[in-house]
Amino acid sequence: MKLRGLYAITDSQLLAGKFLPYVEAALEGGVTLLQYRDKSQDASRRLREAQSLAELCARYKTQLIINDDAELAARLGVGVHLGQTDGPLTPARTLLGRNAIIGSTCHAQLELAEQAAREGASYVAFGRFFNSVTKPGAPAADTALLEHARNRIKLPICAIGGITLDNAAPLVVHGADLLAVIHGLFGADSTQEVTRRARAFNALFASA
Ligand SMILES: Cc1ncc(COP(=O)(O)OP(=O)(O)O)c(N)n1
Ligand SMILES: Cc1nc(C(=O)O)sc1CCOP(=O)(O)O
Ligand SMILES: [Mg+2]
């Protein structure tokens with residue numbers, strides 16, 4: 001499967017009280033990958049919500065990725081996204097199997113991406129590209145990095161951090177295969193607006 005398009009990421013605070021309707025609205029507009037990102041320690045809620053997302057994703061034929069937690073991903077038979085402090089990729093690959101999607105945070109460092117590729121990552125994620133409400137302190141990346149990564153890394157390239165419909169187009173032009181978005185997608189006033197935004201993000205790939 002070609003990993004290209006919108007990568008929607010959930011946020012438990014932003015989606016409080018509208019979690020499933022907003023996620024379904026995004027799926028309705030078209031989502032290549034959906035990441036369940038919940039930074040709480042509430043294991044039973046995490047399991048319950050991740051199971052609901054797995055059912056929803058199955059209906060929409062979207063791939064589900066669990067942030068941080070390879071054990072939960074293994075339990076659900078889905079993919080995982082691991083940051084630099086979330087544990088090594090190689091055991092996660094062994095646990096999840098060769099077909100699982102495993103993503104790796106590489107900040108603004110090509111060396112991290114090359115290492116992730118050697119260790120069996122399915123895609124590499126660079127960011128943050130713009131100011132992010134969700135993660136203001138993340139290290140900054142720029143479009144030149146995408147061009148270098150395009151030439152050196154033979155894996156799908158994901159861009160993240162402060163991405164909105166107003167600033168996303170150059171990222172695709174400079175080589176991003178996946179646009180990972182929280183606020184720019186789910187910070188909308190209605191489910192209809194979430195669907196519209198998802199469609200508009202996907203349209204950027206159709207025209208690139
Ligand atoms: C697609 C994608 N890219 C980067 C991240 C960030 O991962 P990490 O650095 O582990 O930070 P947290 O998201 O865990 O706070 C991501 N989750 N997804
Ligand atoms: C989770 C995350 N990781 C980042 C990184 O740079 O690695 S930026 C980020 C937040 C993405 O949310 P938003 O689209 O609301 O900015
Ligand atoms: Mg993490």
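For ligands, and for the atoms within them, numbers begin at 1 and follow the listed sequence. In what follows, residues are counted from 1 in the order of the sequence shown.
- Closest to atom 8 (S) of ligand 2 among all protein heavy atoms lies Gly161 CA, 3.7 Å.
- The shortest N or O to N or O distance between His183 and ligand 2 is under 3.5 Å.
- Residue contacts with ligand 2, taken as heavy atom pairs separated by less than 4.0 Å, involve Ser132 via backbone and side-chain atoms alike.
- Considering backbone and side-chain N/O of Arg128, one or more are found under 3.5 Å from N/O of ligand 2.
- Of the possible polar contacts, none joining the Arg93 side chain to the Glu119 backbone as a donor-acceptor pair under 3.5 Å is found.
- Within the 4.0 Å heavy-atom criterion, neither part of Thr85 lies near ligand 1.
- For Glu114 and Arg118, the salt-bridge test fails: no basic side-chain N is under 4.0 Å from an acidic carboxylate O.
- At least one N/O-N/O distance between Gln35 and ligand 1 falls below 3.5 Å.
- Within a 6.0 Å sphere centred on CG of Asp189, heavy atoms belonging to other residues, nucleotides or ligands number 12 at most.
- For atom 4 (C) of ligand 2, the nearest non-hydrogen atom of the protein is Ile160 CG2, 3.8 Å.
- Within 6.0 Å of CZ on Arg150 lie more than 12 heavy atoms contributed by other residues, nucleotides or ligands.
- Atom 6 (C) of ligand 1 has its closest protein heavy atom at Thr105 OG1, 3.3 Å.
- Some N or O of Ile182 is nearer than 3.5 Å to an N or O of ligand 2, by distance alone.
- Side-chain contact between Lys39 and Asp68: present, with at least one pair of heavy atoms (C-beta onward) separated by less than 4.5 Å.
- In this structure, Thr195 contributes its side chain and Ala25 its backbone to a donor-acceptor pair below 3.5 Å.
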- [ ] Tell me, with the steps shown, if His183 and Ser132 meet side chain to side chain donor-acceptor pair (under 3.5 Å).
- [x] CA-CA 8 Å; His183 247 270; Ser132 167; over 6 Å; no
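- Of the possible donor and acceptor atoms, one in the side chain of Asp177 sits under 3.5 Å from a partner among the backbone N and O of Ile157.
- Lys135 counts as a contact of ligand 1, since one of its heavy atoms falls under 4.0 Å from the ligand.
- Given atom 2 (C) of ligand 1, the protein heavy atom at minimum distance is His81 CE1, 3.3 Å.
- Two residues are said to be in side-chain contact when any heavy atoms from C-beta on lie closer than 4.5 Å; Thr62 and Thr32 fail this criterion.
- Of all the heavy atoms in Leu179 and Leu6, the pair that sits closest is O-CD1, 3.6 Å.
- What sits closest to atom 14 (O) of ligand 1 on the protein, heavy atoms only, is Lys39 NZ, 2.6 Å.
- The single protein non-hydrogen atom nearest to atom 13 (P) of ligand 2 is Thr134 OG1, 3.5 Å, given as residue, atom name and distance.
- The ligand atoms of ligand 2 that sit less than 4.0 angstrom from a heavy atom of Gly162 are 13 (P), 14 (O), 16 (O).
- Arg37 NE, 2.7 Å is the protein heavy atom nearest to atom 13 (O) of ligand 1.
- The protein non-hydrogen atom at the shortest distance from atom 1 (C) of ligand 2 is Arg37 NE, 3.5 Å.
- With a 4.0 Å cut-off on non-hydrogen atoms, Asp86 touches ligand 1 through its side chain and not its backbone.
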